[in-house]
Student: 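Before anything else, here's the structure in question.
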Amino acid sequence: MARRNEEVEALLLEYADLIAITGGDAFKQRAYERAARAVRGHAADVSRLGAKDLREIPGVGKSIADKIDEYLRTGRLAALDETRAAVPPGVRQLMSVPSLGPKKAMTLYRERGIASVGELADAIRENRLKGLAGFGPKTQENILRGIEVARGSGGRVLLDAATALAEEAVAGVAAAPGCERCTAAGSLRRMRETIGDIDILAAARDPEPLMAAFTALPLAAEVVVRGRRKTSVRTAAGVRLDLRVLPPEAWGAGLVYFTGSRQHNVRIREIAVQAKLKLSEYGLFDAETGDRRAAGTEEEVYAGLGLPWIPPALREDRGEVAAARRGELPEPVALDAIRGDLHTHTDLTDGLASLPDMVGAAAARGYAYYAVTDHAPDLRMQRMTKEKILAQRAEVRELAGRHPGLRLLHGTELNIGPDGGVDWPGTFLAGFDLCVASVHSHFRLDRDAQTRRLIAACENPYVNVIGHLTTRKIGSRAGIDADLDAVFAACARTGTAVEVNGHPNRLDLRDEDILRARRHGVKFAVDSDAHSTGELGNMRYGVGTAQRGWLTVDDVINTWPPERLARFLHAPGRTTPPGTRP
DNA sequence: GCCGTTTTCGGCCCGACTGTTTTCAGTCG
């Protein structure tokens, strides 16, 4: 059974939203939000903690601990049920539209009876918001655009949520009697940034016990299809999972078929037809005799087509089949090639874990180097000061001795201002081992201004990495508008790496933009942007995205040995390497 | 609602942007 922390987090966040919508105390609302975040980041499973232990979680006091305990014991929360009765669920859903917060959501409900995003879109199109204070033409236009962005993600779930569901399903099915193999296929195996249906593939002589195990999963709220070879279930949140069971001898062919993409499958089937073969999920066959040529493993199937095995993340019909035929397929960077993380936070700013805990978790991952990059002062809410970050540096230097084999880098995540300037002058930046610089504000500058500010940041000799360059948030915020080719050219020219941010709601750069940047000769840093020890694991999604962008170890600076990384960070003409640097 | 080497009460995350209510409320990071 999965950890219940996320479930409790969702409950507390809902309660916090309802406090805001009903005009409750803003500090109380924030207290619930803070507690929700802390629960999510807490190392232990909350369902194993009593009310007393729950209070050990920072931000969780008596009242919230009792509520969590009540919910875990009874499955209900009386206080929440009471508030829910006053506010239809659709009103909270309105807040998912950018530019709509609790006040506007409640106004729409109270004044116009609007209680869902669909009703809101209709009301705007039918001009029914006319005369409603705070909803002028510009606002209405922004709301409609926001709804479009949200719909673009069309019921798809983020990679981490899909991964968690798939792992639970695979574990359940694999434990069924007679199951020989079981794995996730489809877009999840290809590490697409969002997942529609989750495809689970299994091999067994007798599919029946597997189907029974699948429909009995706790996550299966509803059985949509129940057949001998294929069964589909839906979670309470509406995510659909499909299980296909194949005969064991067809495992490889089935895996190729159900991993896709559809376009990739079309491409390789064309090759099969040219070779007088037929390719299906049951194998690669001689078109005339019907003899099976290959089916057991993916390698055999591709080899039967005259191709090397193609890594799943590349199977998007972006030229990988042609590259494979020419023998020019890249060897994509693998998770175990990552030697360190170059963008992480601690509780000095908005992280949840202390510096020693984050460093300890990095050491446990076997990293050779690790950078701490807390927020700089221009992100006002973080209240950073020179004194605080220098004190942290002293602490980092002290910790360095305690983890042999792990080089600690003291860095910061700077804010790229509208003019391309950053928080601190060069004299102060020179003291950092590494500077990430990211856009956190002024998302709506025009294209020229965005391009100029990013290029200016690249030209800052102390900036080593541009963090989450487009600042998009999947499903909720489009990226900034900039001439990416001009920015990538500047990155390549100045020796500034571009980040592949592994946070599942960012994955920024996205795969297509990575492919573009790579053509400019840009180097990359694949980072977790972790705000808790658990989020260091988001590196896997960053690596998956890097693979989709065809990146190799040579492209990714944090796969390099420490000496090569140091040469990149402190190349001549960039910054002066102090003696203490790696 | 949480929290405390100044506090068990009185603070708590601050500033910018946006559209529009022409003096500011709401939203966002």
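Naming convention: chains lettered A, B, ... in sequence-line order (proteins, then strands); numbering from 1 in each chain.
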Student: Please enumerate all protein N or O atoms sitting under 3.5 Å from an N or O of nucleotides 3-10 of chain B, with distances to 0.1 Å.
Tutor:
| unit_1 | atom_1 | unit_2 | atom_2 | d |
| --- | --- | --- | --- | --- |
| B/dC3 | OP1 | A/G59 | N | 2.8 |

Student: Would you please name every residue forming a side-chain hydrogen bond (donor to acceptor under 3.5 Å, both in side chains) with A/D81, sequence neighbours left out?
Tutor: A/R76, A/R84

Student: Among residues 11-29 of chain A, which ones have heavy-atom contacts with DNA chain B below 4.0 Å?
Tutor: A/D25, A/F27, A/K28

Student: Using the ring-ring contact (aromatic ring centres under 6.0 Å, His included) rule, collect all pairs that involve residues 375-400 of chain A, keeping only residues at least two apart or in two chains.
Tutor: A/H345-A/H375, A/H375-A/H440

Student: For the residue pair A/R506 and A/Y541, would you count it as a cation-pi contact if the rule is NZ or CZ under 6.0 angstrom from the ring centre and within 45 degrees of the ring axis?
Tutor: no

Student: Tell me every residue that passes side-chain contact (heavy atoms from CB on, under 4.5 Å) with A/A16, counting only those two or more places apart in sequence or in another chain.
Tutor: A/Q29, A/Y32, A/E33

Student: Just jot down the side-chain contact (heavy atoms from CB on, under 4.5 Å) partners of A/A376, sequence neighbours excluded, or say none.
Tutor: A/T412, A/L414, A/N415, A/D423, A/W424

Student: For DNA chain B, find the residues of residues 411-421 of chain A with a heavy-atom distance under 4.0 Å and give them by number; none if there aren't any.
Tutor: none

Student: Which residues satisfy the side-chain contact (heavy atoms from CB on, under 4.5 Å) test with A/D485, sequence neighbours excluded?
Tutor: A/D483, A/R516, A/H520

Student: Using atom names, set out every protein N or O paired with an N or O of nucleotides 26-29 of chain B below 3.5 Å, distance rounded to 0.1 Å.
Tutor:
| unit_1 | atom_1 | unit_2 | atom_2 | d |
| --- | --- | --- | --- | --- |
| B/dT27 | OP1 | A/G101 | N | 2.6 |
| B/dT27 | OP1 | A/G101 | O | 3.1 |
| B/dT27 | OP1 | A/K104 | N | 2.9 |
| B/dT27 | OP2 | A/K103 | N | 3.2 |
| B/dT27 | O5' | A/G101 | N | 3.3 |
| B/dC28 | OP1 | A/S99 | N | 2.8 |
| B/dG29 | OP1 | A/R477 | NH1 | 2.5 |

Student: Who passes side-chain hydrogen bond (donor to acceptor under 3.5 Å, both in side chains) against A/R383, sequence neighbours left out?
Tutor: none

Student: Could you pull out all residues at least two apart from A/R472 that satisfy side-chain contact (heavy atoms from CB on, under 4.5 Å)?
Tutor: A/E193, A/T470, A/I474, A/L507, A/D508, A/R510

Student: With sequence neighbours excluded, tell me which residues meet side-chain hydrogen bond (donor to acceptor under 3.5 Å, both in side chains) with A/R37.
Tutor: none

Student: Applying a 3.5 Å limit to both distances, which nucleotide forms a Watson-Crick or G-U wobble pair with B/dT27?
Tutor: B/dA16

Student: So if I take every side-chain heavy atom of A/H442 and compare against B/dA16, B/dC13, B/dT20, which nucleotide ends up nearest?
Tutor: B/dA16

